[in-house]
Amino acid sequence: QLQLVESGGGLVQPGGSLRLSCSASELRYYAVGWFRQAPGKEREAVSCISSSGGFSSGGITNYAESVKGRFTISRDNVKNTMYLQMNSLKPEDTAIYYCTAAVAWGTCTVGGAIAPTSYWGQGTQVTVSS
């Protein structure tokens, strides 16, 4: 079983920044990304990054239109860790953020969703408020 461990959530003022991280054994082999769910809303894709077969820390990235230009996804395959740098945060970014991972042959699709979403983290709360 692939167990995803998330960290980095918290309370921040509008315009502030947070960095989320997600780690797991052998994470470098998986396409990974983030979903989020706000109260009363459906779960939505935020961003994803492809695996590059585990041989590179780079990869193809995609983002939801609502976060494009503000969020940056990256990965460190030596550390088996994926990051989401969130800048210029807005109150509408408030949600529970979930780290996700696909199977080894999964993809990072336009719009920021990995496919298929085989594994889920426990979620970390991000609250943007004055």
Side-chain angles (χ1 to χ4, degrees):
Q1 289 286 340
L2 186 67
Q3 295 194 159
L4 305 173
V5 180
E6 301 153 311
S7 64
L11 174 65
V12 66
Q13 294 183 345
S17 298
L18 286 172
R19 189 179 75 162
L20 306 183
S21 64
C22 176
S23 298
S25 297
E26 303 179 357
L27 190 69
R28 62 187 177 275
Y29 298 115
Y30 294 81
V32 292
W34 297 90
F35 283 75
R36 69 185 182 186
Q37 188 166 24
K41 294 187 176 181
E42 295 294 320
R43 187 173 57 204
E44 64 176 349
V46 177
S47 183
C48 58
I49 183 168
S50 64
S51 71
S52 299
F55 300 109
S56 172
S57 291
I60 302 298
T61 60
N62 283 300
Y63 299 88
E65 288 295 328
S66 60
V67 307
K68 195 173 298 182
R70 299 188 296 119
F71 292 9
T72 302
I73 193 168
S74 63
R75 65 192 306 158
D76 184 337
N77 285 348
V78 174
K79 297 181 178 180
N80 282 304
T81 299
M82 180 263 292
Y83 305 96
L84 184 68
Q85 179 67 47
M86 305 185 293
N87 298 326
S88 302
L89 283 163
K90 305 174 181 179
E92 51 263 44
D93 295 318
T94 296
I96 300 175
Y97 285 70
Y98 297 92
C99 177
T100 60
V103 296
W105 55 90
T107 58
C108 172
T109 67
V110 174
I114 58 169
T117 51
S118 299
Y119 304 97
W120 294 81
Q122 80 284 357
T124 184
Q125 178 70 48
V126 172
T127 302
V128 185
S129 176
S130 298

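From a predicted model like this one, the values you see are computed outputs, not experimental measurements.
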Transitively linked via ILVMFWY side-chain contacts under 4.5 Å: [X] with [Y]?
X	Y	value
L18	V67	yes
L4	I96	no
L84	L89	yes
V126	I73	yes
Y97	L2	yes

Exercise for the section: Please say whether more than 12 non-hydrogen atoms of neighbouring residues, nucleotides or ligands are located less than 6.0 Å from CD in Q37. Expected result: yes
Exercise for the section: Look at atom CG of L11 and say whether more than 12 heavy atoms of other residues, nucleotides or ligands are closer to it than 6.0 Å. Expected result: yes
Check whether any side-chain heavy atom of [X] lies under 4.5 Å from a side-chain heavy atom of [Y], and answer yes or no.
X	Y	value
Y29	S51	no
S21	K79	no
E92	V128	no
C99	W34	yes
V103	P116	yes

Looking at [atom1] of [X] and [atom2] of [Y], how far apart are the two atoms once the value is rounded to the nearest 0.5 Å?
X	Y	atom1	atom2	answer
C22	Y98	SG	OH	13.5 Å
S47	M82	OG	CE	8.0 Å
T117	R43	OG1	CZ	6.5 Å
T127	Q13	OG1	CD	13.0 Å

Which heavy-atom pair separates [X] from [Y] by the least distance, and what is that distance?
X	Y	value
G58	S52	O-OG, 3.0 Å
G9	L20	N-CD2, 3.6 Å
R36	A95	CB-CB, 3.8 Å

Practice task
On the 0 to 90° scale, with breaks at 30° and 60°, tag the Y30-Y119 ring pair as parallel, tilted or perpendicular.
Solution key: perpendicular
Practice task
Classify the ring geometry between F35 and W120 as parallel (under 30°), tilted (30 to 60°) or perpendicular (over 60°).
Solution key: tilted
Exam field: side chain [X] to backbone [Y], donor-acceptor pair closer than 3.5 Å:
X	Y	value
N62	T109	yes
T100	G33	yes
S88	R70	no
N80	L27	yes
E6	G123	yes
R75	S50	yes

Handout entry: Donor + acceptor pair across side chains of N87, S17 (<3.5 Å)
Key = yes
Practice task
Please step through side chain to side chain contact (heavy atoms under 4.5 Å, CB included) for the pair T94 and Q125, ending with a clear verdict.
Solution key: CA-CA 8 Å; T94 296; Q125 178 70 48; 4.0 Å; yes
Practice task
Quick one: list whatever passes salt bridge (charged side-chain N to carboxylate O under 4.0 Å, His left out) with R19, sequence neighbours left out.
Solution key: none
